[in-house]
Structure formats: C-alpha cells, structure tokens
Amino acid sequence: GENLRRFDITPQGDYLIAERNRYGYSQLVKVSMTGKIMEELTPKSLAKVYDFPRFKPQHEKNAKTSFAYLVTSLDKKWQLNTRTDNQEFTVPLPKDYQFVSYPEWSKDGKSLYYVASSQGENRIYQYTLANHHLVSLTSGEHPVTWPVSQDNNKLLLLNTNAKGPDVYQLTLAKAQIT
C-alpha cells in the first residue's frame, strides 16, 4: 500500500531504497525488508519526480552508503545524481542530451553507466568518478537500454529491434568510443 515502484536492495541485503509515488507526490524512501518505511530520504514533492535509485557497491566494511538516482522537475531535463549521507553530486551528461535513464554502478563502484540520447541516438555512457571522465561506450547506431555490470569487466545491455529486445555483452576494454 505504499505505492513503491523502482527500487534497489543494499549490497548487504538489509533494506532497500525505492521511489514512492503517492497521491501525486514523488520521493525516495528507505524501506525495511518487511515493507515498513524506515526513513524518507527526500521530502515528498509535487514539483520533483525521482526514479531508478541504485546502490553503489561497498567493498569496505564501514564504507558510507551511496546511491545514484534520477530526478527531474517541471520543464527541466532529467538529471543523474549521486548521494552519500546528505551530500549530493550531479553526474555530467553528454552535451545537448535529450534523455537519460538506467543508471548502473560498476562492480568496483568507481564508475556509473547510464543510457542517454543525443540527436536521436541512444548510447551507453561511462562516468568515472575519480577523474571525472565521461566516455561513450556505444556508437548510437543501435538503440540500447538497461546496462548491467558484470564481474568480468563486461556489461550486458539490451538492444531493441523490430523483433524485440536482444541481450548483448560488451567488453569494456574494447568499448570506449569518445
């Protein structure tokens, strides 16, 4: 009954964050594995819409919890943000982008992958946090969505064509285009 939609489970599996859309209000909430709202991470808002929360993988026992999410407001483009505690960072997006979605952390937590479109072409991008480097991993020749990070330096992605979606595996070392 909480009207939760997109969500992600912590790396430890002890709770999740979700976008709650209730009575027209959108917000990010922290939810126990029993379904109880533990904390409101953003104020409920009619002016902002949140989507696709994704936890950053944690490799250190006492590391701070970080997550990425999408946010937009009236007459604004979607933005991709990261949050650690109450500090937020807006991830750079390609120049003149029209669409952004499907954020996904690399397995080591050092990069974010996402899909963005520019000039009618969907591409998968990689943003490396340490050096603030943004690179396109696909050419835009085929419509791609939903990157999923793999342990072996590969990325799974969906490519949709007239017959439906196909799953492809992209080797990251060979993929950096621009």
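Residue indices begin at 1 and follow the sequence shown.
Atom-to-atom distance recorded for T10:OG1 and K30:NZ is 9.0 Å, nearest 0.5 angstrom. Note: I124 CD1 to L157 CG = 4.0 Å, rounded to the nearest 0.5 Å.
Annotation: side chain to side chain contact (heavy atoms under 4.5 Å, CB included) contacts of L129 (sequence neighbours excluded): W105, Y127. Residues satisfying the salt bridge (charged side-chain N to carboxylate O under 4.0 Å, His left out) criterion with D151, sequence neighbours excluded, are absent altogether. For L46, the side chain to side chain contact (heavy atoms under 4.5 Å, CB included) criterion is met by Y25, not counting sequence neighbours.
Screening residues 13-29 for salt bridge (charged side-chain N to carboxylate O under 4.0 Å, His left out) gives E2-R20, E2-R22, R5-E19, R20-E40 as the qualifying pairs, with residues at least two apart or on separate chains. Within the structure, no pair that satisfies the salt bridge (charged side-chain N to carboxylate O under 4.0 Å, His left out) test touches residues 74-83, not counting sequence neighbours.
At a threshold of 4.5 Å between non-hydrogen side-chain atoms, the residues V135 and Y125 do not count as touching.
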Distance-only check: which donor-acceptor pairs under 3.5 Å involve side-chain atoms of residues 96-103, not counting sequence neighbours?
from : atom 1 : to   : atom 2 : distance (Å)
Y97  : OH     : W78  : O      : 2.5
Q98  : OE1    : Q119 : N      : 3.4
Q98  : OE1    : G120 : N      : 3.3

For this session: Verify side-chain contact (heavy atoms from CB on, under 4.5 Å) between L4 and V29, making sure each step is shown before the conclusion.
Result: CA-CA 9 Å; L4 303 177; V29 293; 3.8 Å; yes

For this session: Check the pair V91 / N81 against side-chain contact (heavy atoms from CB on, under 4.5 Å), numbers first and verdict last.
Result: CA-CA 6 Å; V91 174; N81 289 353; over 6 Å; no

Problem set entry | T84 and T65: CA distance, side-chain angles, deciding distance, side-chain contact (heavy atoms from CB on, under 4.5 Å) verdict | CA-CA 6 Å; T84 304; T65 301; over 6 Å; no

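Side-chain contact check for Q126 and S111: at least one donor-acceptor pair (N or O, by modelled atom type) lies under 3.5 Å.
Applying the 6.0 Å contact sphere to CZ of F7 captures no more than 12 heavy atoms from other residues, nucleotides or ligands.
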